[in-house]
**Q** 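Sharing a structure here in structure tokens format.
Counting begins at 1 with the first residue of the sequence. We use all heavy atoms of the structure for the numbers below, so side chains are in, but hydrogens, waters and symmetry mates are not.
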Amino acid sequence: MTEQLPKILYVEDDKTLSFITKENLERKGYSITFCEDGEQALKTFKSDNFDICLLDVMIPIIDGFTVAKELRKINKDIPIIFLTARDDEV
């Protein structure tokens with residue numbers, strides 16, 4: 001029996017960065033579901049099961065921090081990693 005690698009919800013609005021990141025994670029065998037904005041991410045999360053979420057902080061429609069709060073209401077134990085180009089601490 002083979003070990004199944006995590007299914008990742010990846011939310012990023014930068015098309016170049018998202019392409020590179022998604023491609024590299026898939027090469028490692030991860031199953032990646034990609035979303036470009038917070039609204040799409042929430043809809044996708046509600047319709048599937050994920051093992052971890054990679055969220056950009058500054059995404060359109062609903063920001064990454066708000067998305068994370070909503071994800072926690074649905075699954076309080078889902079691991080979330082924030083990705084950001086911001087240089088200030090929150």
**Q** Using a cut-off of 6.0 Å, state whether more than 12 heavy atoms not belonging to F34 lie near its atom CZ.
**A**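 Atom CZ in F34 is crowded, with more than 12 foreign heavy atoms closer than 6.0 Å.
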**Q** Can you find a pair of side-chain heavy atoms, one from D56 and one from D14, that are under 4.5 Å apart?
**A**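 The answer is no, as the side chains (C-beta and beyond) never meet within the 4.5 Å cut-off.
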**Q** Would you say I52 and L25 are hydrophobically clustered, going by side-chain heavy atoms of ILVMFWY under 4.5 Å?
**A**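 In one cluster: yes.
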**Q** Could you report the tightest heavy-atom contact between Y30 and I8, atom names first, then the distance?
**A**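 In this case the closest contact between Y30 and I8 is CD2-CD1, 3.7 Å.
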**Q** Working to the nearest 0.5 angstrom, can you tell me the gap between K69 NZ and K73 NZ?
**A**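 It comes to 8.5 Å.
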**Q** Is the shortest side-chain heavy-atom distance between K7 and D48 below 4.5 Å?
**A**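 A side-chain contact exists here, since the closest heavy-atom pair is under 4.5 Å.
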**Q** Go through the steps for L71 and L42 under the test side-chain contact (heavy atoms from CB on, under 4.5 Å), then give the verdict.
**A** CA-CA 7 Å; L71 297 180; L42 288 173; 3.8 Å; yes
**Q** Does any N or O in the side chain of T21 come within less than 3.5 Å of the main-chain N or O of S18, such that one atom is a donor and the other an acceptor?
**A**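 Not a single qualifying donor-acceptor pair exists.
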**Q** Consider only side-chain heavy atoms of I, L, V, M, F, W and Y, link residues closer than 4.5 Å, and tell whether I20 and I32 are in one cluster.
**A**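 No; I32 is not reachable from I20 via cluster members.
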**Q** Would you check if I61 and Q40 make a side-chain contact, meaning some heavy-atom pair closer than 4.5 Å?
**A**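 Sidechains of Q40 and I61: no contact.
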**Q** So which atom in P60 and which in E36 form the shortest heavy-atom distance, rounded to 0.1 Å?
**A**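 Looks like CD-O, 3.5 Å.
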**Q** For A41 versus C35, what's the shortest heavy-atom pair and its separation?
**A**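 Taking A41 first and C35 second, the nearest heavy atoms are CA-SG, 3.7 Å.
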**Q** Given side chains that start at C-beta, do those of L9 and I78 come closer than 4.5 Å, heavy atoms only?
**A**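 Contact flag for L9/I78 side chains = no.
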**Q** Under 4.5 Å between any side-chain heavy atoms of V11 and V67, yes or no?
**A**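 Contact flag for V11/V67 side chains = no.
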**Q** Under the criterion side-chain contact (heavy atoms from CB on, under 4.5 Å), I'd like the reasoning laid out for F50 against N75: C-alpha separation, chi angles, the key distance, then a yes or no.
**A** CA-CA 10 Å; F50 295 94; N75 179 347; over 6 Å; no
**Q** Can you tell me how far CG of L17 sits from NZ of K22, rounded to the nearest 0.5 angstrom?
**A**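 Here the interatomic distance stands at 13.5 Å.
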**Q** Can you name the closest pair of heavy atoms from G64 and F82 and give their distance?
**A**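 For G64 and F82, the tightest heavy-atom pair comes out as O-CE2, 3.7 Å.
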**Q** Does the side chain of L83 come within less than 4.5 Å of Y10's, by heavy atoms?
**A**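 Yes, their side chains come closer than 4.5 Å.
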**Q** Are more than 12 heavy atoms from other residues, nucleotides or ligands located less than 6.0 Å from atom CZ of F19?
**A**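 Atom CZ in F19 is not crowded, with 12 or fewer foreign heavy atoms closer than 6.0 Å.
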**Q** Quick check: are there more than 12 heavy atoms from other residues, nucleotides or ligands sitting under 6.0 Å from CD1 of I74?
**A**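 Check passes, neighbour count above 12.
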**Q** So which heavy atom on A68 is nearest to which on I80, and how close?
**A**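 Scanning both residues, the minimum pair turns out to be CB-CD1, 3.9 Å.
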